[in-house]
Amino acid sequence: KKKENEKVTKEDRELAEAIEEHYLPGFAGDRVAKTNTGIALSIAEKVDNLIGFFGVGIKPTGSADPFSLRRNAIGLIQTVLENKIHANLFPILKKAKEIYVRSGIEISENTPQEVLEFIKERFKVLLREKGFRADTIEAVLSVTDDIYDALLRAEAIDSLRKSEEFEDVLITMRRVVNIIHEGLKPSPFEPEGKYEVELYEKFLSIRKKLSGLISSGNYREALLLIKEIKPYVDAFFDNVMVMDKDETVRNRRLSLLKTIADELRKLADFSKIGL
C-alpha cells in the first residue's frame, strides 16, 4: 500500500483536488475552490453552463430553475470574491460563446450580455445583503464588469459616505456629470476666459495622479483627490453660462466638462448616487 501511495504524483493530487473543487460551492454557505487549477475549472464550468443554457433559450423563471443556473451564477460570484480575483467577465463570456459556435452549436448573439446582466443581478442581491445602498451598487456596476473590482469601489464609496468629505466630493462630481447629455462626444477645444482656463488647468494637474490611483485600485484616495477640483468647479458654474446661446461657446464648455466627466466616470457613475 505504501508503495502504491508513493506513485501518486503532485499532479495527480492537484487534478483530484480540482475535480472535487469544480463543483463548489454546492450550497449556500459552502466553501469555494481554493487551488489555482480548481478555481479555473470551477469558473470555467459555471461560465460554460450559463452560456450554454442561456444560449439555447433555457433560462430560470420566477418559479423554476431546474438546471440551477442561479446557483451557478452565485457560485461564480463567491469564487471570484473569496479568492479576490480581478476578471472582466464580458470577454470571458464572449469567449465561451465563441467556443460553442466553433463546435457547431448555435448560440444567440446577445447571450454574453444577457448572462452578464444575470450575474450582476445576483451580485446586486449579495451587495445589498452586505449593507451597500442601491445607488452605490448601480454606480459601480455601471462602470465595471469586474465584480471584485466593483466590490472594492463600493467599499470605497461606502467608507467615504460616512465621512465629512463625502458631500463635497459628490456635489463636485454631480455638477460636472449631470449637465452632460447622453451620447455627447467632446470636440477639440481650447479653454477661454479665467474660469474655463483655471478649471482645465487644475483638472490636468490631477489627471495623471487620479488615473494612477484608479489603476492601482486606490479608490478612496482617488475620490478624495477629486475634492481638490471642487473650488474650480464651483467658480466655473457660478460665473459661466454653460448653455450659452453661441453654439461655439456652448460646445467648447460642454466639451471641457465632458472631458472631465469621462475621467470621473472611470471611478463610478456619480449621476446615480444620492446624498
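Numbering of residues begins at 1 and proceeds along the displayed sequence. Just so it is clear, the values below take in all heavy atoms, side chains as well, and ignore hydrogens, waters and symmetry mates.
With no hydrogens or angles considered, no side-chain donor-acceptor pair links S216 and N218 at under 3.5 Å. With no hydrogens or angles considered, no side-chain donor-acceptor pair links N88 and D146 at under 3.5 Å.
A 4.5 Å side-chain heavy-atom check between L89 and L76 finds at least one atom pair inside the cut-off. Taking 4.5 Å as the limit, some side-chain heavy atom of K272 sits within range of a side-chain heavy atom of S142. Side-chain contact between I260 and L264 is present, with heavy atoms from C-beta onward closer than 4.5 Å. Contact annotation: the side chain of L256 approaches that of F236 to within less than 4.5 Å [non-hydrogen atoms, C-beta and beyond]. A 4.5 Å side-chain heavy-atom check between L69 and K59 finds every atom pair outside the cut-off. I85 places none of its side-chain heavy atoms less than 4.5 Å from the side chain of I147. Using a 4.5 Å heavy-atom threshold, the side chains of N83 and K34 count as touching. When side chains are defined from C-beta on, L199 counts as touching L257, because their heavy atoms get closer than 4.5 Å.
The shortest heavy-atom contact between I157 and A268 is CD1-CB, 4.0 Å. The shortest non-hydrogen separation linking A261 to V177 is CB-CG1, 3.8 Å. The minimum heavy-atom distance linking V197 with P191 is given by the pair CG2-O, 3.8 Å. Residues F123 and L81 share a closest heavy-atom pair of CE1-CD1, 3.8 Å. I273 approaches A139 most closely through the heavy-atom pair CG1-CB, 3.5 Å. A pairwise comparison of heavy atoms in I92 and A87 identifies CD1-CB, 4.0 Å as the closest pair.
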Candidate pair I179 and F237, rule side chain to side chain contact (heavy atoms under 4.5 Å, CB included), full reasoning
CA-CA 11 Å; I179 200 170; F237 280 103; 4.1 Å; yes
Evaluation steps, side chain to side chain contact (heavy atoms under 4.5 Å, CB included), between T136 and R161
CA-CA 10 Å; T136 298; R161 194 188 286 278; 2.6 Å; yes
Kindly indicate, with the supporting measurements, whether the criterion ring-ring contact (aromatic ring centres under 6.0 Å, His included) is fulfilled by F67 and F53.
CA-CA 8 Å; F67 298 102; F53 281 109; 4.5 Å; yes
Hey, mind stepping through L127 and V125 against side chain to side chain contact (heavy atoms under 4.5 Å, CB included) and telling me if it holds?
CA-CA 5 Å; L127 289 179; V125 173; over 6 Å; no
Just do the side chain to side chain contact (heavy atoms under 4.5 Å, CB included) check on R220 and L160 with the steps written out, would you?
CA-CA 7 Å; R220 192 177 192 282; L160 191 60; 4.2 Å; yes
Donor-acceptor contacts under 3.5 Å from residues 200-211 side chains, at least two apart:
unit_1, atom_1, unit_2, atom_2, d
K202, NZ, E228, OE1, 3.4
S205, OG, K202, O, 2.6

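Within the 3.5 Å criterion, the main-chain N or O of D65 finds no donor-acceptor partner in the side chain of R70. Using modelled atom types, no side-chain atom of S68 and backbone atom of R71 make a donor-acceptor pair closer than 3.5 Å. A distance-only check finds a donor-acceptor pair linking the side chain of N239 to the backbone of A235 [under 3.5 Å]. Under a 3.5 Å cut-off, the side chain of D149 and the backbone N or O of D145 do not form any donor-acceptor pair. Using modelled atom types, no side-chain atom of T144 and backbone atom of A150 make a donor-acceptor pair closer than 3.5 Å.
Taking CZ of F118 as the reference point, atom CG of L50 lies at 6.5 Å (rounded to 0.5 Å). Considering OG of S163 and CG of L224, their distance stands at 6.5 Å, rounded to 0.5 Å. Rounded to the nearest 0.5 angstrom, S187 OG and R252 CZ are separated by 10.5 Å. If you take OG1 on T79 and NZ on K46, they are separated by 5.0 Å, rounding to the nearest 0.5 Å. Summarising the geometry, atom CZ belonging to R175 is positioned 5.5 Å from atom CG belonging to D238; distances are rounded to the nearest 0.5 Å. Atom CD1 of I77 is separated from atom NZ of K120 by 11.5 Å, given to the nearest 0.5 angstrom.
There is no path of hydrophobic side-chain contacts, each under 4.5 Å, that joins I74 to I43. Linking ILVMFWY residues whenever their side-chain heavy atoms come closer than 4.5 Å, directly or via other members, places F90 and V140 in the same cluster. Residues L126 and L152 are members of one and the same hydrophobic cluster, defined by side-chain heavy-atom contacts under 4.5 angstrom among Ile, Leu, Val, Met, Phe, Trp and Tyr. Under the 4.5 Å side-chain contact rule for hydrophobic residues, V249 and F189 do not share a cluster. Hydrophobic cluster membership differs between V143 and I119, with clusters built from Ile, Leu, Val, Met, Phe, Trp and Tyr side chains linked at under 4.5 angstrom.
Ion pairing between a basic and an acidic side chain is recognised when a charged N comes within 4.0 Å of a carboxylate O; K258 and D262 show such pairing. Salt bridge D246/R250: absent, no basic N to carboxylate O contact under 4.0 Å. Salt bridge R133/D158: absent, no basic N to carboxylate O contact under 4.0 Å. Between E109 and K97, at least one side-chain nitrogen of the basic residue sits less than 4.0 Å from a carboxylate oxygen of the acidic one, meeting the salt-bridge criterion.
Y100 pairs with exactly one of I51, T111, V56 by the side chain to side chain contact (heavy atoms under 4.5 Å, CB included) rule, that one being I51. When each of E196, E192, E198 is tested with K194 by the rule side chain to side chain donor-acceptor pair (under 3.5 Å), just one qualifies, namely E198.
The environment of Y232 atom OH is sparse: at most 12 non-hydrogen atoms of other residues, nucleotides or ligands sit within 6.0 angstrom.
Note that R128 lies outside the cation-pi zone of F132, set by a 6.0 Å cut-off to the ring centre and a 45° limit from the axis.
Partners of D168 according to the salt bridge (Lys or Arg N to Asp or Glu O under 4.0 Å) rule, which considers only residues two or more places apart in sequence or in another chain, do not exist here. Listed by chain and residue number, K124 satisfy the side-chain contact (heavy atoms from CB on, under 4.5 Å) test with E121 (two or more places apart in sequence, or in another chain).
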